[in-house]
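Scroll down for the structure; my scribbles are underneath it.
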Amino acid sequence: MKIAVCIKRVADSETRVKTAGDGKSLDDAGVKFILNPYDEFAVEEALQRKEKAGAGEVVVLALGGAAAQETIRTALAMGADRGILLQTDTVPADGFVTAQAIAAELKGGGWDLVLFGKMAIDDYNSQVGPMVAELLDLPCVTAVAHLTIEGGTATAEREIEGAVEVVQCSLPAVITADKGINEPRYPALKGIMAAKKKPLEVKPVSLSGGAIEVLAMLPPPARKEGKIVGEGAAAIPALVKLLREEAKVL
Amino acid sequence: MTTVLAVCEQRDGALRKVSSEVVTGARRIADALGGGAEVEALVLGSGPASGADQLGTFGADRVVTLTAAGFGTYAPEGYARAVVDRAKAGAVVVVCAASAQGKDLAPRIAAKLATGLAADVTDVVVEGGALMAIRPVYAGKALLKVKLTGKPAVLSLRPNVFTPVPRPKAGAAQTVAVTIPAGRVTVKGIKAAEAGALDVAEAPIVISGGRGLKEPANFKILEDLAHAFGGRAAVGASRAVVDAGWRPHADQVGQTGKTVSPTLYIAIGISGAIQHLAGMRTSKVIVAINKDKDAPIFKVADYGVVGDLFEIVPALISEIGKLRG
Ligand SMILES: Cc1cc2nc3c(=O)[nH]c(=O)nc-3n(C[C@H](O)[C@H](O)[C@H](O)COP(=O)(O)OP(=O)(O)OC[C@H]3O[C@@H](n4cnc5c(N)ncnc54)[C@H](O)[C@@H]3O)c2cc1C
Ligand SMILES: Nc1ncnc2c1ncn2[C@@H]1O[C@H](COP(=O)(O)O)[C@@H](O)[C@H]1O
């Protein structure tokens with residue numbers, strides 16, 4: 001099994017979000033960066049598939065600044081074999097620009113599986129995986145919460161509104177991972193030491209302009225000042241009255 | 001002619017509610033662009049979908065149903081091909097839903113059109129003839145205002161945000177048979193949840209419970225409350241109780257669960273961690289019931305009740321019951 005996993009360095013969701021001086025990006029002073037949680041599922045899935053096949057290679061690929069090497073090392077510590085950093089000055093807001101660069105790198109690589117997270121928790125784009133699939137002309141199933149692979153056929157379950165969709169395609173394929181697909185391992189000390197010696201290739205890339213231009217990053221609209229209606233069950237008649245007459249939602 | 005394409009959604013031959021939201025959003029964009037831009041609602045299926053004739057009411061000038069043998073259930077590759085063929089006939093904007101299906105379909109459409117996608121959009125504006133979108137990022141802690149320069153521009157709308165506005169106009173309906181294969185990715189089956197159960201992502205009222213419920217069996221009182229709302233409410237959960245195995249992941253609200261935007265969100269025994277807020281902060285009205293008056297959930301709640309949920313929820317059930325007579 002030859003598997004590629006695309007991973008992104010993202011700001012931890014606990015982070016305090018402050019707009020940078022340019023008015024349109026994150027001020028990253030003091031921000032903790034992590035491997036995107038959905039990409040941890042993707043890395044874990046790749047490792048399990050390789051272990052099951054008994055042979056193969058897991059290559060992790062990140063596009064971003066030099067600091068993303070740290071993210072690649074995390075995946076290597078989990079057990080991936082080697083890493084590639086497509087080094088850029090900025091991470092594009094347009095997922096298609098990212099997808100083009102990733103697809104160009106992966107093209108012709110003879111991958112059995114190309115794995116992604118279903119979504120990056122910073123940009124909430126949920127798009128790079130299926131876009132790369134289109135560019136590589138591979139079948140793709142997104143947001144997979146359960147995956148079985150038998151005889152070159154992938155059967156995946158994905159949550160849809162009020163139900164679970166069972167989807168099939170043949171390999172090679174692109175899969176994007178949702179929570180539930182597996183339980184990601186923590187890198188062990190041995191893995192962390194080994195990761196330092198694993199190959200990590202840095203390739204500078206230049207990106208196309210794209211069709212999504214960020215004009216501003218704004219704070220979310222402050223929710224109207226709320227009120228404590230009261231304490232205990234005694235407050236319920238007043239609450240229901242407010243919901244009916246003030247909020248008009250009942 | 002300038003066309004805004006509204007990509008609708010059906011399941012089992014019936015149009016889904018999110019379709020009227022997509023048409024409403026597309027209408028808003030078309031009106032803002034001016035120049036007599038028209039909205040074409042696009043329905044894909046193996047035959048006509050019930051409810052398609054209603055789309056005119058929400059602002060579609062034309063309702064086009066593209067039928068193909070393999071289109072009965074969602075066919076990712078076939079649907080993308082069909083929408084793109086239609087878009088290439090002169091659409092300036094393609095609007096999808098950021099639903100489970102739309103999140104899968106919209107990136108494929110954008111990639112086939114070699115353009116970008118503004119995903120999970122909560123507002124649209126046109127300034128100086130240019131289309132702009134607002135979309136939440138960083139778990140809802142910030143909003144990005146982006147300009148869409150793609151030809152066509154492709155966007156997906158967060159469900160439950162674009163409230164359908166009926167208009168007194170019927171769109172001309174048209175059915176076009178196309179011969180497009182379903183593609184290499186096929187839906188083998190749909191494991192439906194309990195019949196009639198509403199999904200948290202779509203219910204107009206969501207009642208979510210957290211660790212404050214103490215044990216799984218106590219979710220019964222939330223189900224009773226949902227029941228009191230007469231089939232309009234779904235029961236959601238925090239990650240803490242999903243991870244504990246009390247509730248299914250499908251019910252989880254938040255960053256690693258579903259994003260919901262109901263008319264009324266009631267958080268019961270939930271502290272209001274940032275990752276939970278990420279999934280419900282755009283709800284229209286938020287009510288919190290928590291025994292800790294300093295719980296962060298009260299910072300986003302419109303109305304809060306402090307106290308023991310085991311005393312408060314039964315009182316709420318009976319009060320709602322009274323309303324409904
Ligand atoms: C990467 C990541 C992703 C995450 N994704 C999600 C997500 O998608 N969704 C999510 O919800 N969380 C998510 N979390 C977890 C989140 O940080 C919180 O841990 C979780 O939301 C807490 O759940 P809770 O509010 O049920 O529990 P707690 O924080 O333990 O809160 C329980 C609350 O119940 C109240 N309570 C207790 N007893 C009573 C009573 N008798 N009456 C009234 N109130 C009572 C308490 O005062 C307390 O406020 C994520 C965390 C991480 C790190
Ligand atoms: N800059 C990046 N480098 C590598 N992989 C990425 C990058 N951005 C996105 N991805 C992958 O695409 C998935 C979806 O991201 P997004 O479309 O940004 O929500 C992520 O979970 C990653 O697997």
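By convention in this document, chain letters (A, B, ...) are assigned in the order of the sequence lines, proteins followed by strands, and residues within each chain are numbered from 1.
Closest non-hydrogen pair, B:Leu143 versus A:Pro221, comes out as CD1-CD, 3.4 Å. For the residue pair B:Ala142 and A:Met217, the shortest heavy atom distance occurs at CB-CG, 3.8 Å. Nearest heavy atoms, A:Lys118 versus B:Gly257: NZ-O, 4.5 Å. Scanning all heavy atoms of the two residues, the minimum distance from B:Thr149 to A:Ile212 falls at OG1-N, 4.4 Å. Across B:Tyr138 and A:Ala11, no two heavy atoms sit closer than the pair CE2-CB, 4.1 Å. Of all heavy-atom pairs between B:Ile312 and A:Ala233, the closest is CG1-N, 3.7 Å.
When heavy atoms are compared at a cutoff of 4.5 Å, B:Leu148 approaches chain A by way of both its backbone and its side chain. At a 4.5 Å heavy-atom cutoff, the contact between A:Leu239 and chain B is made by side-chain atoms alone. With a threshold of 4.5 angstrom between heavy atoms, B:Ser99 approaches chain A through its backbone and through its side chain. In this structure, no portion of B:Leu105 lies under 4.5 Å from any heavy atom of chain A. Proximity to chain B is limited to the side chain of A:Asp94, based on heavy atoms less than 4.5 angstrom apart. Only the side chain of B:Ile274 comes within contact range of chain A, with at least one heavy atom under 4.5 Å from a heavy atom of that chain. Residue contact with chain A, scored on non-hydrogen atoms closer than 4.5 Å, is absent for B:Pro204. Contact of B:Lys258 with chain A is made through the side chain alone, with heavy-atom distances under 4.5 Å. The part of B:Val242 that comes within reach of chain A is its side chain, from C-beta onward, which places non-hydrogen atoms under 4.5 angstrom from that chain. Both the backbone and the side chain of B:Ala114 come within less than 4.5 Å of a heavy atom of chain A. For chain A, the nearby part of B:Asp243 is the side chain; its heavy atoms alone come within less than 4.5 Å. Contact annotation for A:Val240: only side-chain heavy atoms (C-beta onward) come within less than 4.5 Å of a heavy atom of chain B. Residue contact with chain A, scored on non-hydrogen atoms closer than 4.5 Å, involves the backbone of B:Ala301 exclusively. Proximity to chain A (any heavy atom under 4.5 Å) is restricted, for B:Phe298, to the side chain, taken from C-beta onward. Within the 4.5 angstrom heavy-atom criterion, only backbone atoms of A:Pro219 (N, CA, C, O) approach chain B. Both the backbone and the side chain of B:Glu311 have a heavy atom closer than 4.5 Å to some heavy atom of chain A.
Highest contact tally toward chain A, considering only B:Ala278, B:Ala133, B:Gly189, B:Gly150, is held by B:Gly189 [criterion: heavy-atom pairs under 4.5 Å]. For the set B:Val285, B:Asp120, B:Thr263, the count of heavy-atom pairs under 4.5 angstrom toward chain A peaks at B:Val285. Among the candidates B:Gln101, B:Lys151, B:Lys103, B:Arg135, the residue making the largest number of heavy-atom pairs closer than 4.5 Å to chain A is B:Arg135. For the set B:Val185, B:Ile320, B:Val137, B:Ile109, the entry with the most heavy-atom pairs within less than 4.5 Å of chain A is B:Val185. Contact tally against chain B (heavy-atom pairs below 4.5 Å) for A:Lys24, A:Glu246, A:Gln100: the top residue is A:Glu246. Of the residues considered (B:Thr122, B:Asp302, B:Val300), B:Asp302 shows the highest number of contacts with chain A, using heavy-atom pairs under 4.5 Å. Chosen from B:Leu117, B:Thr256, B:Val313, B:Val287, the residue pairing most often with chain A at heavy-atom distances under 4.5 Å is B:Leu117. Options A:Ala211, A:Ala93, A:Ala143, A:Ala163 differ in how many heavy-atom pairs under 4.5 Å they form with chain B, and the most are formed by A:Ala211. Ranked by non-hydrogen atom pairs under 4.5 Å with chain B, the options A:Leu243, A:Thr19, A:Val97 are led by A:Leu243. In terms of heavy-atom pairs under 4.5 Å with chain B, the best-connected choice from A:Pro220, A:Gly226, A:Ala235 is A:Pro220. Among A:Val132, A:Thr176, A:Thr15, the residue making the largest number of heavy-atom pairs under 4.5 Å with chain B is A:Thr15. Most heavy-atom pairs under 4.5 Å with chain B, from the set A:Gly232, A:Cys169, A:Pro37, A:Pro130: that is A:Gly232.
A distance of 9.5 Å separates CG in A:Leu215 from CG in B:Leu144, rounded to the nearest 0.5 Å. A distance of 4.5 Å separates CG in B:Asp104 from CZ in A:Arg158, rounded to the nearest 0.5 Å. From B:Met132, atom CE reaches atom CD of A:Glu213 across 8.5 Å, with rounding to the nearest 0.5 Å. The structure places CD1 of A:Ile160 at 7.0 Å from CZ of B:Arg16, a figure rounded to the nearest 0.5 Å. Within the model, atoms CD1 of B:Ile317 and CD1 of A:Ile236 stand 10.0 Å from one another, a figure rounded to the nearest 0.5 Å. The CD atom of A:Glu159 sits 8.5 Å away from the CG atom of B:Asp251 when rounded to the nearest 0.5 Å.
Not one N or O on the side chain of B:Asp199 forms a donor-acceptor pair closer than 3.5 Å with the backbone of A:Glu161. B:Arg108 contributes a side-chain N or O that, together with a main-chain N or O of A:Cys140, makes up a donor-acceptor pair within less than 3.5 Å. Here the side chain of A:Arg244 pairs no donor or acceptor atom with the backbone of B:Leu323 at under 3.5 angstrom. Checked by atom type and distance alone, the side chain of A:Arg223 pairs as donor or acceptor with a backbone atom of B:Arg281 at under 3.5 Å.
Annotation for B:Lys284: atom NZ counts as buried by contact number, over 12 foreign heavy atoms lying within 6.0 Å. Around CG of A:Asp89, the count of heavy atoms belonging to other residues, nucleotides or ligands within 6.0 Å does not exceed 12. The number of heavy atoms from other shown groups lying within 6.0 Å of CG (B:Asp292) is above 12. Within 6.0 Å of NZ on B:Lys17 lie more than 12 heavy atoms contributed by other residues, nucleotides or ligands.
Looking only at side-chain heavy atoms (C-beta outward), A:Ser170 and B:Arg184 stay at 4.5 Å or farther from each other. Residues A:Val166 and B:Val187 fail the side-chain proximity criterion, which asks for heavy atoms closer than 4.5 Å.
Salt-bridge formation is not detected for the pair B:Lys141/A:Asp122: no Lys NZ or Arg NE/NH1/NH2 atom is positioned less than 4.0 Å from an Asp or Glu carboxylate oxygen. Of the charged side-chain nitrogens involved, none lies within less than 4.0 Å of a carboxylate oxygen, so that A:Glu231 and B:Lys293 do not count as a salt-bridged pair.
For B:Gln255 and A:Ser13, the side-chain atoms include at least one donor-acceptor pair closer than 3.5 Å. Checking A:Glu14 against B:Gln275 by side-chain atom types alone, a donor-acceptor pair falls below 3.5 Å. When only modelled atom types and interatomic distance are considered, B:Gln252 and A:Lys179 share a side-chain donor-acceptor pair under 3.5 Å.
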Subject >> Audit row: A:Glu165, B:Lys188, salt bridge (charged side-chain N to carboxylate O under 4.0 Å, His left out) steps and yes/no >> reply: CA-CA 8 Å; A:Glu165 210 168 58; B:Lys188 287 289 156 193; over 6 Å; no
